[in-house]
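Structure first, commentary second.
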Amino acid sequence: MPEQQPTGLHFGSLLIPGAVLTTWAIMALLVGGAMLLTHRMRDAPLTLQSALEGVVSAMESAIGQVLPEYARAVLPFVGSLWVFLVVANLAGLIPGVNSPTDNLSVTAALALLVFFAVHWYGIRSAGLWVYLRHYVTPSPVLRPFHLISELTRTLALAVRLFGNMMSLEMAALMILLVAGFLVPLPILMLHIVEALVQAYIFGMLALVYIAGAVQAHETRAGRAAETPAEH
């Protein structure tokens, strides 16, 4: 029995996996679409402009509910996550295309982006030394637990999206095998809703982690400022 060849693009002995190709294609589509849509925005139809402004305003409002003072600063990162994940999760609906988020390497890369973004925004809001100090607060004994907590939540973020999207893709494939292409519309809508929900949850978890890194330092700074006044 011949071995099944891995899917992807071959350059000699180099293999670029299909998930990477799909991710690159989605990124190119989003960048090109953003450049096209924002070029001469004033000349764009009013309906299109209103729709784009409505999407951005909705994302900013959702971020503002969690992190009001940093909504504008966090919007580019979290908003980009949401837009990418929506398109990536829905890419599985295209015949012959697998969603890149059903690949653990892709979701791990996204989780690593969130991991570094948390530290980036934390350092920007509090400064390097103040931010690093929270790893030994209230006791240096807790430092290993802080580090383990951040590593485990990053791993959980990657595995959670991967597991949900892989199971969603497998369920859709099984339904196609049983019912052919006459898949009932409610099942198709369920796929779309689940893909949107998973994108929203991943972005919200990233936002919560960033808010925790930012607000924790502000809370400690406020308590430190109030302590001398009490004495």
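Quantities reported herein were computed from a predicted structural model and do not represent experimental measurements. Just so it is clear, the values below take in all heavy atoms, side chains as well, and ignore hydrogens, waters and symmetry mates. Numbering starts at 1 and runs along the sequence shown.
- In this structure, the separation between CG on Leu81 and CE on Met204 is 12.5 Å, given to the nearest 0.5 Å.
- Cluster membership check: Leu168 shares its hydrophobic cluster with Val193, using side-chain heavy-atom separations under 4.5 Å among Ile, Leu, Val, Met, Phe, Trp and Tyr.
- Under the 4.5 Å side-chain heavy-atom criterion for ILVMFWY residues, a single connected hydrophobic cluster contains both Val83 and Leu113.
- A distance of 4.0 Å separates OG1 in Thr101 from CE in Met165, rounded to the nearest 0.5 Å.
- Two different hydrophobic clusters hold Tyr131 and Leu151 under the rule that ILVMFWY side chains link at heavy-atom gaps under 4.5 Å.
- Side-chain N or O atoms of Ser99 include none that pairs as donor or acceptor with a backbone N or O of Ala91 at under 3.5 Å.
- Stacking of Arg160 on the aromatic ring of Phe202 is not recorded, the 6.0 Å distance cut-off and the 45° axial limit not both being met.
- When all heavy atoms are compared, the tightest approach of Leu104 to Phe162 is N-CD1, 3.4 Å.
- Other residues sharing the hydrophobic cluster of Ile148, ordered by chain and number and joined by side-chain separations under 4.5 Å: none, the residue standing alone.
- With a 4.5 Å cut-off between side-chain heavy atoms of Ile, Leu, Val, Met, Phe, Trp and Tyr, the cluster of Val97 takes in Ile94.
- Listed by chain and residue number, Ile16, Val20, Leu21, Met27 satisfy the side-chain contact (heavy atoms from CB on, under 4.5 Å) test with Trp24 (two or more places apart in sequence, or in another chain).
- One distance of note links CH2 of Trp129 with CD1 of Ile123; it measures 10.5 Å at 0.5 Å rounding.
- Between the side chain of Ser80 and the main chain of Pro76, a donor-acceptor pair closer than 3.5 Å is present.
- With sequence neighbours excluded, the residues satisfying side-chain contact (heavy atoms from CB on, under 4.5 Å) with Leu90 are Val86, Leu93, Ile192, Ala195, Leu196.
- Counting heavy atoms from C-beta on, the side chains of Phe84 and Leu110 come closer than 4.5 Å.
- Partners of Glu150 according to the salt bridge (charged side-chain N to carboxylate O under 4.0 Å, His left out) rule, which considers only residues two or more places apart in sequence or in another chain, do not exist here.
- Listed for the Ser149 side chain is no donor-acceptor partner under 3.5 Å among the backbone atoms of Phe145.
- Connection of Ile26 to Val55 is established within a shared hydrophobic cluster, with ILVMFWY side chains joined at heavy-atom distances below 4.5 Å, either directly or through further cluster members.
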Val118 and Arg153: side-chain contact (heavy atoms from CB on, under 4.5 Å), yes or no, with the steps? CA-CA 12 Å; Val118 168; Arg153 76 182 186 185; 3.6 Å; yes

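- Side-chain contact between Leu85 and Leu161: present, with at least one pair of heavy atoms (C-beta onward) separated by less than 4.5 Å.
- Scanning both residues, Ala19 and Pro100, for their nearest heavy atoms gives O-CB, 3.8 Å.
- Under the 3.5 Å distance criterion, the side-chain polar atoms of Trp82 are left unmatched by any main-chain donor or acceptor of Met59.
- If you chain together hydrophobic residues whose side chains sit under 4.5 Å apart, Phe115 and Leu147 never meet in one group.
- Side chain to side chain, Asn89 and Gln198 fail the donor-acceptor criterion of an N or O pair below 3.5 Å.
- How far CG of Asn103 is from OG1 of Thr23: 8.0 Å, rounded to the nearest 0.5 Å.
- Separation of atoms CH2 (Trp120) and OG (Ser125) is listed at 11.0 Å; rounding is to 0.5 Å.
- Separating the CG atom in Leu207 from the OH atom in Tyr70 is a distance of 13.5 Å, to the nearest 0.5 Å.
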Take Leu157 and Thr107 through the side-chain contact (heavy atoms from CB on, under 4.5 Å) test and state the conclusion after the steps. CA-CA 8 Å; Leu157 196 62; Thr107 59; over 6 Å; no

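- Applying the side-chain contact (heavy atoms from CB on, under 4.5 Å) test to Tyr121 and every residue at least two apart in sequence or in another chain returns Val74, Phe77, Ala117, Arg124, Ile210, Val214.
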